[in-house]
Amino acid sequence: MQKPSLPKGTRDFGPIQMARRNYILDQIRSTFQLFGYNQIETPAMENLSTLTGKYGDEGDQLLFKILNSGDYLKNVNAADLEKGAAATLSKVSEKGLRYDLTVPFARFVVMNRNDLTFPFKRFQIQPVWRADRPQKGRYREFYQCDADVVGTDSLVCEAEIILMIREVFAKLKLTDYSIKLNNRKILTGISEAIDAAGKEGPLCVAIDKLDKIGWEKVQEELLSRDFSSNSLEKLEPLINLSEDFAGKIQFLKKFLSGSEVGLQGIAELEELAATLIGMGENLDFVDFDVMLARGLSYYTGAIFEVKVNNASIGSVSGGGRYDNLTGVFGLSGVSGVGFSFGVDRLYDVLEELNLFPEESLQTSKILLCHFDEKGFAYGLSLVQRFRKAGIKAELYPDLAKVKKQFEFATKKGIPFVGICGDNEISENLISIKNLETGNQESMTLETAFAKLS
RNA sequence: GUGAUUGUAGCUCAGCUGGUUAGAGCGCCGGUUUGUGGAUCCGGAGGUCGCCGGUUCGAACCCGGUCUUUCACCCCA
């Protein structure tokens with residue numbers, strides 16, 4: 001007999017975890033729907049040609065590939081094997097597991113472009129798979145929870161993303177967090193302003209680590225990437241910039257005065273703020289962070305990242321605006337803005353802060369207990385009546401000692417037991433006992449229904 | 001992908017420089033209690049020491065491999 005085990009980086013979700021995860025997803029789903037987003041799903045597997053080349057070389061390595069069915073070696077010859085894994089791959093695998101939800105969404109938009117009404121708002125909550133090396137909070141299978149709107153440049157979308165984040169966090173009772181906001185154009189502007197035009201890629205990668213490794217190390221990294229010390233000097237005043245929203249805008253207008261793109265980024269940011277005000281909202285929780293970069297991805301406009309302040313987990317949500325989402329699939333001119341909640345991380349945060357509601361585990365309200373076959377038969381006749389009265393109820397299914405039945409109820413978190421004994425049967429009553437307080441009283445069924453509903 | 005780290009009962013962990021039959025707490029099962037759970041006390045079950053191989057008279061302990069866990073890097077949710 002072999003001991004069963006789980007593949008690296010995957011986990012089971014038991015009843016409690018599922019109840020809690022559904023609690024989070026329910027808040028997110030209802031919020032997305034409140035803002036007019038429609039849910040879609042795409043297959044777990046995609047053609048490898050859809051996935052490869054979209055995430056860079058590193059990303060391609062992290063794709064889970066699916067071996068072809070049947071004799072998957074039939075197209076492979078010795079020459080292929082000599083050329084190595086990369087050359088052989090295309091002959092043994094033509095499908096892979098999805099790596100994120102964005103690329104499948106882009107594929108979906110292109111394939112359905114004639115049936116979709118633009119601007120198209122969609123959300124998608126599905127697992128993705130990455131052949132990464134697992135660590136705490138990083139798994140090989142995890143859920144992503146994306147919302148995107150494509151086919152419009154309106155900054156209303158950005159404003160609504162901020163509102164949705166605030167809505168979800170309020171529903172989850174999270175009160176101490178910040179929505180970091182920046183604009184990719186500002187980063188481009190900065191690279192121009194420090195005489196390093198065109199190098200915003202490496203610049204972003206480096207300053208994205210500012211929180212983690214500090215200014216000293218970032219400087220080292222920038223120097224090793226061919227930034228001049230002159231550039232670093234010019235960059236320095238931005239590092240410790242601590243003004244309020246308006247103050248930062250003022251500073252950057254001056255700093256970026258020579259950069260058209262940079263000023264455009266500032267203008268977009270101001271318009272975003274104005275849009276929120278126009279909606280009767282405000283800039284609560286929003287933190288304009290000039291150093292927010294979000295790696296090297298395809299973002300071209302606003303970028304967001306959300307951090308819960310008193311928790312040990314990194315960002316729990318992020319996103320941004322991109323031009324040309326669908327370009328690689330031959331449909332250009334579709335721009336959009338999207339963001340995503342890290343459900344697994346939110347779970348960890350809520351657990352750490354003890355914010356899951358008591359009743360997230362839905363269980364029966366009452367367990368009918370009995371002493372003998374007569375009581376069992378009586379319970380059998382009652383259990384459906386409880387259910388028809390809308391009360392989650394169950395009958396202990398075996399003849400067993402009362403102690404065992406009560407312990408069963410206690411362990412499952414069932415708050416009441418109903419006792420079906422000779423006394424109750426003869427008077428057509430039921431004794432209801434509150435397991436927490438120990439109080440017990442006999443009553444008619446109607447009274448019991450009223451008490452428990 | 002690079003470098004570390006972890007694995008002993010259902011859970012959390014002891015187990016000396018290699019030496020008889022591998023332990024504890026909690027949990028579980030049964031009894032104390034034949035219409036009343038959580039407490040006390042008593043009893044019981046449960047481990048091929050992650051797996052494979054090697055060294056040795058002898059391995060939970062040493063060595064090699066492999067899987068898994070955790071961590072840093074890379075990258076990312």
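Every chain is numbered from 1, with letters handed out A, B, ... down the list of sequences.
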Exercise for the section: Working to the nearest 0.5 Å, report the span between CZ of Arg166(A) and CZ of Phe285(A). Expected result: 7.5 Å

Exercise for the section: Calculate, to the nearest 0.5 Å, the distance between atoms CD1 and CD1 belonging to Ile24(A) and Ile125(A) respectively. Expected result: 11.0 Å

Practice task
Identify which nucleotide among G1(B), G35(B), U68(B) has an atom closest to any side-chain atom of Arg133(A), counting heavy atoms from C-beta outward.
Solution key: G1(B)

Practice task
Could you please name the option among C74(B), C29(B), A77(B) that lies closest to any side-chain atom of Lys411(A)?
Solution key: C29(B)

Would you mind classifying the nucleic acid contact of [X] as base, sugar-phosphate or nothing, using non-hydrogen atoms under 4.0 angstrom?
{"X": "Asp100(A)", "value": "nothing"}
{"X": "Glu407(A)", "value": "sugar-phosphate"}
{"X": "Leu62(A)", "value": "nothing"}
{"X": "Gln440(A)", "value": "base"}

Handout entry: Gap in Å between the two C1' atoms, one belonging to C63(B) and one to G25(B), rounded
Key = 34 Å

Practice task
Using the P atom on both, measure C52(B) against C16(B) and round to a whole Å.
Solution key: 23 Å

Exercise for the section: For the residue pair Glu394(A) and Ser364(A), confirm or rule out a side-chain donor-acceptor distance under 3.5 Å. Expected result: yes

Exercise for the section: Using only side-chain N and O atoms of Lys401(A), determine if any of them is under 4.0 Å from OP1 or OP2 of G31(B). Expected result: yes

